[in-house]
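What follows is a set of notes on a single structure, which appears directly below.
What you see below is based on every heavy atom in this structure, not just the backbone, and it leaves out hydrogens, waters and symmetry mates.
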Amino acid sequence: MAAEPQTIFALASAPGRAGIAVVRVSGPRAGHAVLALAPDLGSLPLPRLATRAVLYAPESISASGDRDKIDEALVLWFPGPASFTGEDVAEFHIHGGHAVLDSLITSLSGLEGLTPAGPGEFSRRAFENGKMDLTAVEAIADLVDAETSAQRRQALAQMGGALAARYDGWRERLVKSMAFAEASIDFAEEDIPDDLARQSIEALKALADEIDLHLADDGIGERIRDGFRIALTGAPNVGKSSLLNALAKRDVAIVSDIAGTTRDVIEVPLDLGGYAATLVDTAGLRDSDDAIEQEGVRRARDQAAAADLRLHLFEPGGAPPDVDADEGTLLVQNKSDLVTEDAEAPKGVIRISARTGNGLSILIGEMTARIREQVSHRAAASAPLTRARHRTALEECRAALRRAIASAGAGADEEMMAEDMRVAAQALGRITGRVDVEELLDRIFRDFCIGK
Ligand code: GDP
């Protein structure tokens, strides 16, 4: 018999002083922990109902009736399986002070069968108990990390199963086709109608096309999650670091009169209309003999090339920009405070002053519009993929599908085709964490009528 799992506990709210702190306990001894700490309750609180309870340190309760009060708390009781982890879960909402928390944690540690939770252990148990698939687990992490509204919305959709539904749906379709393919091997004698085999190939092709479309989204979901990259480019001393500082409203880059002082890549996170973006300042783009500066220039070119948007800066009276404005490049003339005459900004150029702040809101508006455009172009499909992990698995799945389709075309090598389909299904299953292809096949074969 499997050993009883440990009952785990951890502070679920942020560490530090706060109005309240929440300590979560999960496992078979969670109920015991509630009664050991709150003996006056007499029995477990009603499920999911906040119940006031006085907590005492169990080790302090003496025969004479003396006891050490930890806190007056709220206790919540979630009997499994209708809980976050699927196990019995209890939550203690205590006053969020160090001494209170320490005392509760010490008491929980002293109870038999209880142990502090490792990182991600509550979510891991939720996954292992079938409460969540892996994409939902990842979405919880994304939601906790979300800093902008687009990140939050995307994480919530994923947590709600938007990706799981898509990938599991594909996997089910694929496994059905596998069932046909395997049947035609196992029952080769018994005439599987030709058009059944043909339908199965058509289904594979349709699936491969859908995966193609999903993969061809230019990583928009990953951008929403990780932030769009915006590179500042332009000759030394045009004011890139100054603009970065002005946008970040804090001093992160060194601003100096000596050309070429920004030798490394400096990043500032921005929230552009709900989209997370990272503004990257790069060393001035100019040729130099200085080895460190050359390295800076090389990195600058890489960063600029990889960015989703480039702000190319130049200054009045200086060299005209040597790049053209396009959908991925904004031309920005800095130091507008030095322009004395009333001359209009050149066409297609945004004129700003990093020093006075003039034009910055127009620039921010334009940056936001460009990012919105990229999102609306590419995210036509709902629920874009959000992680490199998913992309890798999908690419593997697609490659295997294409191989399977090719073997079908080349005189139907059914064994190879079945094997490739299996690889494809496993790759899909890895995304959500459902890898039990055999079990699914069994289920499908059970109500398969051929050869019964
Ligand atoms: P970078 O090499 O492109 O990063 O340029 P910096 O940000 O280091 O700026 C170079 C010089 O231009 C500094 O002396 C800044 O104070 C100055 N500067 C930057 N922006 C402006 C501006 O809008 N107006 C004026 N007058 N000077 C500026």
Side-chain angles (χ1 to χ4, degrees), residues 147-151 223-224 227-286 296 300 303-304 307-375:
E147 304 233 327
T148 71
S149 52
Q151 288 174 322
R223 298 293 212 301
I224 290 174
F228 290 79
R229 308 281 298 174
I230 303 178
L232 282 168
T233 62
N237 259 348
V238 291
K240 297 182 296 298
S241 307
S242 306
L243 175 59
L244 185 94
N245 287 340
L247 289 174
K249 297 197 187 69
R250 59 195 164 100
D251 282 343
V252 282
I254 322 137
V255 181
S256 88
D257 280 326
I258 310 151
T261 45
T262 311
R263 288 197 167 155
D264 212 336
V265 172
I266 296 167
E267 304 191 344
V268 166
L270 296 175
D271 180 340
L272 294 175
Y275 292 104
T278 306
L279 186 64
V280 190
D281 182 21
T282 55
L285 285 177
R286 63 158 197 185
Q303 287 280 344
D308 300 299
L309 183 64
R310 282 160 290 281
L311 307 185
H312 190 77
L313 262 66
F314 63 101
E315 55 187 339
D322 52 0
V323 294
D324 293 330
D326 59 33
E327 59 188 24
T329 311
L330 291 174
L331 292 185
V332 182
Q333 189 188 54
N334 188 30
K335 309 194 186 182
S336 66
D337 52 303
L338 299 181
V339 180
T340 42
E341 75 281 19
D342 286 340
E344 286 280 303
K347 200 171 162 328
V349 167
I350 301 167
R351 186 180 269 175
I352 61 157
S353 166
R355 180 164 289 174
T356 66
N358 183 38
L360 286 189
S361 49
I362 294 172
L363 176 63
I364 291 171
E366 194 54 36
M367 286 156 70
T368 307
R370 293 297 174 100
I371 286 178
R372 286 222 172 95
E373 253 166 53
Q374 297 194 9
V375 173

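Taking the side chain as every heavy atom from C-beta outward, Val349 and Phe314 approach each other to under 4.5 Å. Between Met367 and Leu270 there is a side-chain heavy-atom pair separated by less than 4.5 Å. In this structure, the side chains of Lys335 and Leu338 come closer than 4.5 Å at one or more pairs of heavy atoms. A heavy-atom distance below 4.5 Å is not found between the side chains of Val332 and Val238. Between Ile362 and Ile350, the closest side-chain pair of non-hydrogen atoms falls below 4.5 Å. Counting only heavy atoms from C-beta outward, the side chains of Val339 and Arg351 approach each other to under 4.5 Å. The closest side-chain heavy-atom distance from Tyr275 to Arg372 is below 4.5 Å.
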For this session: Take Arg229 and Arg223 through the test side chain to side chain contact (heavy atoms under 4.5 Å, CB included) and record every step on the way to the result.
Result: CA-CA 8 Å; Arg229 308 281 298 174; Arg223 298 293 212 301; 5.6 Å; no
For this session: Please step through side chain to side chain contact (heavy atoms under 4.5 Å, CB included) for the pair Thr278 and Val268, ending with a clear verdict.
Result: CA-CA 5 Å; Thr278 306; Val268 166; over 6 Å; no
For this session: Tell me, with the steps shown, if Ile352 and Gln333 meet side chain to side chain contact (heavy atoms under 4.5 Å, CB included).
Result: CA-CA 6 Å; Ile352 61 157; Gln333 189 188 54; over 6 Å; no
For this session: Take Val323 and Leu331 through the test side chain to side chain contact (heavy atoms under 4.5 Å, CB included) and record every step on the way to the result.
Result: CA-CA 8 Å; Val323 294; Leu331 292 185; 3.9 Å; yes
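Interatomic distance, CG of Leu363 versus CD of Glu366, reported as 8.5 Å (0.5 Å rounding). Considering CG of Leu330 and CG of Leu309, their distance stands at 5.0 Å, rounded to 0.5 Å. Atoms OG and CG, on Ser242 and Leu247 in that order, are 11.0 Å from each other to the nearest 0.5 Å. Note that the OG1 atom of Thr233 and the NZ atom of Lys240 stand 8.0 Å from one another [nearest 0.5 Å]. Here the CG-CG distance, from Leu279 to Leu232, works out to 4.5 Å after rounding to the nearest 0.5 Å. Rounded to the nearest 0.5 Å, atoms CD (Glu373) and CD (Glu327) are 7.5 Å apart.
Remark: the Asp326 side chain and the Thr329 side chain contain an N/O donor-acceptor pair separated by less than 3.5 Å. Between the side chains of Asp281 and Ser241, at least one donor N or O sits under 3.5 Å from an acceptor N or O. Side-chain polar atoms of Ser353 and Asn358 form no donor-acceptor pair below 3.5 angstrom.
Residues Pro316 and Asn334 share a closest heavy-atom pair of CD-O, 3.0 Å. Contact detail for Ala304 and Ala231: the closest heavy-atom pair is CA-CB, 3.8 Å.
Looking at residues two or more places apart in sequence or on another chain, you find no salt bridge (charged side-chain N to carboxylate O under 4.0 Å, His left out) involving Glu147.
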